[in-house]
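Step one of this worksheet: look at the structure below.
Within every chain, numbering begins at 1; the chains are lettered A, B, ... in the order of the sequence lines, protein sequences first and strands thereafter.
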Protein chains: 2
Amino acid sequence: MRRDVFQAIADPTRRAIVLLMAVQAMTPNQLAQHFSISRQAVSKHLRILTECRLLQPEPRGREIYYVLEAGKLDEIGQWLEQCRKSWESRFNQLDQVLITLQANQRDTSTLL
Amino acid sequence: MRRDVFQAIADPTRRAIVLLMAVQAMTPNQLAQHFSISRQAVSKHLRILTECRLLQPEPRGREIYYVLEAGKLDEIGQWLEQCRKSWESRFNQLDQVLITLQANQRDTSTLL
DNA sequence: TATATCCGCAACCATTCGGTTGCACAAGAG
DNA sequence: CTCTTGTGCAACCGAATGGTTGCGGATATA
């Protein structure tokens, strides 16, 4: 199933999972020991993180290691940059106006 | 009310609002014209974005302009960086092991 | 082979979410 | 003052969320 990465990291438990996985890949059982919820609840979170390609399962015998797909984090970074860029160009536009005004200040009287 | 910024940007409509607000501050009515949902639904989104300090309301008479609080975006960026940093230091640790092994390669036979 | 372990799936449940409609109130416009 | 406009708030509703428990299947272990 396709899923939204922003919706995936909305839950604080899932963000903690991503952080842990960034340090070291783990199995669901190992992971569940870090939380106070049931193993199945952790598995649900892993499923969601896997569906949006933030994690990738790597079976090792009867165990399954979930590995972080760090490249998927860029999707979040791109949105962030888009916001920041728009926000700053908004100021740049204002700066342009001010610079133009300042440059023409000596002519302002004649222009108005 | 205090709110989680990650939960706030989980909804695609709210992300679109943030992007629009990054370009130009708007009133709820102006904003609602960009979407196919009701004005009240947009107002709900504005409330959530305001509660997590991503937007700040600026009353102008009977109108209210919502202005982006761009600094709040850093909270997301910090989490991202924390993930990336852990992820890369994970590789660095592996690199250290490999480098050490390679340096000692000539002695491996004696060490084992 | 029998048993224990690791894991995902399904059913269920309370709560939250995102949308709607209707209403009340404050501020300009006539 | 009256009317229109911009806004927030409350009630309601179906769907999604995050948790639980119980089960079955596959893999190691005795």
Can you tell me which nucleotide in [options] comes closest to the side chain of [X]?
X       : options               : answer
B/Thr13 : C/dG18, D/dG6, C/dG19 : C/dG19
B/Lys44 : C/dG8, C/dG19, D/dA28 : C/dG19
B/Ile37 : C/dC6, C/dT20, D/dT17 : C/dT20
A/Gln40 : C/dT21, C/dC6, C/dG8  : C/dG8
B/Ile48 : D/dT7, C/dG18, C/dA27 : C/dG18

Rounded to the nearest 0.5 angstrom, the CG-CD distance for B/Leu54 and B/Glu75 is 8.5 Å
The reported gap from SG in A/Cys83 to CG in B/Leu68 (rounded to nearest 0.5 angstrom) is 7.0 Å
Distance test, side-chain N/O of [X] to OP1/OP2 of [N], below 4.0 Å:
X       : N      : result
B/His45 : C/dG19 : yes
A/Asn29 : C/dC7  : yes
B/Ser43 : D/dG8  : yes
A/Tyr66 : C/dC6  : no
A/Ser38 : D/dG19 : no
B/Thr27 : D/dT7  : yes

Touch check for [X], heavy atoms < 4.0 angstrom, all strands: base, sugar-phosphate only, or nothing?
X       : value
B/Arg14 : sugar-phosphate
A/Arg39 : base
B/Gln7  : sugar-phosphate

Protein-nucleotide distance ([X], atom [atom1]; [N], atom [atom2]), rounded to Å:
X       : N      : atom1 : atom2 : result
A/Tyr65 : C/dC6  : OH    : C1'   : 12 Å
B/Glu58 : D/dT7  : CD    : P     : 14 Å
A/Leu49 : C/dG8  : CG    : P     : 13 Å
A/Asp4  : D/dT17 : CG    : C1'   : 15 Å
A/Arg3  : D/dG18 : CZ    : C1'   : 11 Å
B/Arg62 : C/dC25 : CZ    : C1'   : 13 Å
B/Arg60 : D/dT7  : CZ    : P     : 13 Å
A/Leu46 : C/dG8  : CG    : C1'   : 11 Å

The answer to which of A/Glu63 and A/Ala41 contacts DNA chain D further toward the 5' end, by nearest nucleotide, is A/Ala41
Donor-acceptor side-chain pairing of A/Gln40 and A/Ser43 below 3.5 angstrom = no
Exercise. Taking the six-membered ring of B/Trp87 as reference, does the NZ or CZ atom of B/Arg84 fall below 6.0 Å from its centre and within a 45° cone about the axis?
Worked result: no
**OP:** Taking atom CZ of B/Arg53 as the centre, report whether more than 12 heavy atoms of other residues, nucleotides or ligands fall under 6.0 Å from it.
**Re:** no
Please check if atom CD in B/Gln24 has more than 12 non-hydrogen atoms from other residues, nucleotides or ligands closer than 6.0 Å.
no
